[in-house]
Amino acid sequence: MLRVLIVEDNPIFREAFRQALQGRLPFVVIEETGNGEGALQRINEAPPDLLFLDMRLVGMNGLDL
């Protein structure tokens, strides 16, 4: 099964994006987080197959991540 991680600090956009992906790709497991630290934790636990990453995150930005 394909695993996707969405890293986006705007909760409204993150939820809308997750719903759009889930509606079109029901076979995909979608995880989400709102910051770089949460993303690193999830990546270390189980690396996703695909990562959607906001480049302007608070704290650790997308390039640092």
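Numbering starts at 1 and runs along the sequence shown. Computed from a prediction, not measured in an experiment: that's the story for all the values here.
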Do the non-hydrogen side-chain atoms of Asp54 and Asp9 ever get within less than 4.5 Å of each other? yes

What residues, two or more places apart in sequence or in another chain, satisfy side chain to side chain contact (heavy atoms under 4.5 Å, CB included) together with Val28? Leu2, Val4, Leu25, Ile30

Could you tell me which residues satisfy side chain to side chain contact (heavy atoms under 4.5 Å, CB included) with Leu63, sequence neighbours excluded, listed by chain and number? Met55, Asn61

Sidechain N-carboxylate O distance under 4.0 Å for Arg18, Glu15: yes

Which heavy atom in [X] sits nearest to a heavy atom in [Y], and how many Å separate them?
{"X": "Ala39", "Y": "Leu65", "result": "CB-CD2, 3.7 Å"}
{"X": "Leu5", "Y": "Arg42", "result": "CD1-CD, 3.8 Å"}
{"X": "Asn10", "Y": "Ile12", "result": "OD1-N, 3.0 Å"}

For Arg3 and Ala46, indicate whether the former's side chain and the latter's backbone hold a donor-acceptor pair under 3.5 Å. yes

Do Ile43 and Leu57 belong to the same hydrophobic cluster, where Ile, Leu, Val, Met, Phe, Trp and Tyr are linked whenever their side-chain heavy atoms lie under 4.5 Å apart, directly or via other members? yes

Linked, directly or transitively: Val7 and Phe13 (ILVMFWY side chains, under 4.5 Å): no

Go through the side-chain N and O atoms of Gln41 and Glu37 and say whether any donor and acceptor fall under 3.5 Å apart. no

Rounded distance (nearest 0.5 Å) linking atom CD1 of Ile6 with atom CG of Leu51: 10.0 Å

Report the C-alpha distance between Glu32 and Glu8 in whole Å, list the side-chain angles of each, state the deciding distance to 0.1 Å, and finish with yes or no for side chain to side chain contact (heavy atoms under 4.5 Å, CB included). CA-CA 8 Å; Glu32 55 186 271; Glu8 169 60 54; over 6 Å; no

Report the C-alpha distance between Val58 and Asn35 in whole Å, list the side-chain angles of each, state the deciding distance to 0.1 Å, and finish with yes or no for side chain to side chain contact (heavy atoms under 4.5 Å, CB included). CA-CA 7 Å; Val58 176; Asn35 57 52; over 6 Å; no

According to the ring-ring contact (aromatic ring centres under 6.0 Å, His included) rule, which pairs have a member within residues 38-65, sequence neighbours left out? Phe17-Phe52

Under the criterion side chain to side chain contact (heavy atoms under 4.5 Å, CB included), I'd like the reasoning laid out for Met60 against Leu40: C-alpha separation, chi angles, the key distance, then a yes or no. CA-CA 10 Å; Met60 180 186 306; Leu40 278 178; 3.6 Å; yes

